[in-house]
Amino acid sequence: MTTRNTPRQAGPAPERRLPGHLIPDHLAASYARTFGEEGRAWIAALPALVETHLERWGLVRDGAAGAGEASLVLPVRREDGTRAVLKLQMPRQETTAALIGLRTWNGAGTVRLLDHDPLSSTMLLERLNGARTLAALEDDDEATAILADLLARLVSVPAPEGLRGLGEITAEMLTRAPDAAAALTDPSDRRLLLGWAAAVAEVADEPGDRLLHWDLHYDNVLAATREPWLAIDPEPLAGDPGFDLWPALDSRWGDVVASGDTPRILRRRFDHLTEALALDRPRATAWTLARLLQNELWNIEDGAPTLAPSSVALSEALQNRRPRHSGA
């Protein structure tokens, strides 16, 4: 997700040709919407930035460009024939954190960082199978177990210097919670959000010191050759591993709802994760509620008058409450 969690992406978008390169329209629109003139200027300079790094690192293009909401990813080959990807994203706190995390993990459970340019935040990464994510697995228990194993490896590493800490983020959330609750239109939503804040306050004095991925959901785990599955797109943070569970719990949400038994699936996922990471479950629950609080503070800031049904459903599943919203 400090950065917000990447929105669920829409299907393929049309592309427009800029000099020397193809830039997906949705990437240009995302930068214009989020960063205004600064974002439009970065997009305009992107083709030249690509050419600079192709030449600098002796790379040749090897396929069509892809993009998420924040980065352009270009398949390339190195001079020795090694397949890689060039990833370009506007420099900001999150990209610096990603470089720190990838250097620290050094390919242990994550995509390997082959080279990088600190000034532009451009990364040269090993190429994984971008067409096959963990979301392709039909067995949800299998997918959760794979993700849990990867996450356990990642959070076993102490956070290096230079990353934001969960303590700072938690203090900010607790300060904002009362005003955010007052902005909600449903009294039950207000009580729920303030209940999350109270649970977070109980663990806030021990925010943890592990290296968190912060966005490890099914679509951020790709099939690979070096290992069967590897994590991508970290947004590293120093903190308690319990704060890292929400993306996995929320993965493939439409399928969870369609199952007709949302609480059972969420509890099974939570059990898999906490067992693999050897977490104290009450504490992990509190930090997961912290993640819900963070997400909803962002939503309220953007004008949402009620809590997201997914947040309510997860909260109630973990606290063994009867679901309040049908179909949630």
Side-chain angles (χ1 to χ4, degrees), residues 1 5-6 97-113 125-126 128-129 132-137 139-160 163-167 169-170 203 206-252 256 265-292 294 314 317-318:
M1 10 109 161
N5 293 290
T6 304
L99 285 168
I100 293 173
L102 289 173
R103 285 198 303 263
T104 302
W105 283 310
N106 194 28
T110 68
V111 63
R112 180 165 283 150
L113 180 66
L125 302 165
E126 72 174 310
L128 309 182
N129 184 355
R132 181 170 170 77
T133 74
L134 203 55
L137 297 185
D139 188 326
D140 192 70
D141 286 343
E142 180 185 5
T144 303
I146 291 169
L147 187 148
D149 178 67
L150 285 174
L151 187 57
R153 293 168 63 190
L154 301 184
V155 302
S156 69
V157 178
L163 297 176
R164 289 192 72 189
L166 184 53
I169 292 171
T170 300
V203 295
E206 295 183 43
D209 63 355
R210 299 290 93 186
L211 179 54
L212 308 185
H213 182 287
W214 207 0
D215 197 25
L216 194 59
H217 51 75
Y218 288 2
D219 287 325
N220 271 348
V221 179
L222 299 185
T225 300
R226 180 168 56 84
E227 295 190 28
W229 301 94
L230 290 169
I232 64 167
D233 290 347
E235 300 178 4
L237 173 73
D240 189 292
F243 195 66
D244 237 2
L245 305 185
W246 173 80
L249 295 169
D250 188 66
S251 286
R252 210 159 50 188
V256 174
I265 293 177
L266 293 176
R267 290 170 189 147
R268 283 180 66 85
R269 287 180 176 181
F270 186 76
D271 288 346
H272 278 306
L273 292 162
T274 53
E275 182 176 349
L277 276 65
L279 300 181
D280 174 77
R281 289 185 183 180
R283 185 174 182 82
T285 297
W287 281 118
T288 300
L289 297 180
R291 193 63 176 269
L292 297 182
Q294 181 182 57
L314 179 54
L318 295 187

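In what follows, residues are counted from 1 in the order of the sequence shown. What's counted below: heavy atoms across the whole structure, side chains too, no hydrogens, waters or symmetry copies.
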Any non-hydrogen side-chain atom of [X] less than 4.5 Å from a side-chain atom of [Y]?
X: Leu245; Y: Arg269; answer: no
X: Asp209; Y: Pro158; answer: no
X: Leu279; Y: Phe270; answer: no
X: Leu151; Y: Pro241; answer: no

Smallest separation among heavy atoms of [X] and [Y], with atom names:
X: Ala238; Y: Ala159; result: CB-CB, 3.5 Å
X: Pro236; Y: Leu211; result: CB-CD1, 3.9 Å
X: Trp287; Y: Glu206; result: CZ2-O, 3.7 Å
X: Thr274; Y: Asp271; result: OG1-O, 3.3 Å
X: Trp229; Y: Leu134; result: CZ3-N, 3.6 Å
X: Thr104; Y: Pro160; result: OG1-CG, 3.4 Å

What's the separation between atom [atom1] in [X] and atom [atom2] in [Y], rounded to the nearest 0.5 Å?
X: Leu147; Y: Leu273; atom1: CG; atom2: CG; result: 6.5 Å
X: Glu126; Y: Leu113; atom1: CD; atom2: CG; result: 10.0 Å
X: Leu314; Y: Thr288; atom1: CG; atom2: OG1; result: 7.0 Å
X: Asp250; Y: Tyr218; atom1: CG; atom2: OH; result: 10.5 Å
X: Leu166; Y: Asp244; atom1: CG; atom2: CG; result: 10.0 Å
X: His213; Y: Leu154; atom1: NE2; atom2: CG; result: 6.5 Å

Can you check side chain to side chain contact (heavy atoms under 4.5 Å, CB included) on Leu237 and Leu163, steps first, answer last? CA-CA 6 Å; Leu237 173 73; Leu163 297 176; 6.0 Å; no

Exam field: side chain His217 to backbone Trp246, donor-acceptor pair closer than 3.5 Å: no

Output yes when a side-chain donor or acceptor of Thr144 lies under 3.5 Å from a complementary backbone atom of Asp141, and no otherwise. no

With sequence neighbours excluded, tell me which residues meet salt bridge (Lys or Arg N to Asp or Glu O under 4.0 Å) with [X].
X: Asp280; result: none
X: Arg283; result: Asp240
X: Asp233; result: Lys87

Verify side chain to side chain contact (heavy atoms under 4.5 Å, CB included) between Val111 and Leu102, making sure each step is shown before the conclusion. CA-CA 8 Å; Val111 63; Leu102 289 173; 4.0 Å; yes

When Leu128, Leu216, Thr133, Leu230 are each screened for side-chain contact (heavy atoms from CB on, under 4.5 Å) with Val221, the one that passes is Leu216

So does Glu227 have more than 12 non-hydrogen atoms from other groups sitting under 6.0 Å from CD? yes

Salt-bridge criterion met for Asp140 and Arg252 (N-O under 4.0 Å): yes

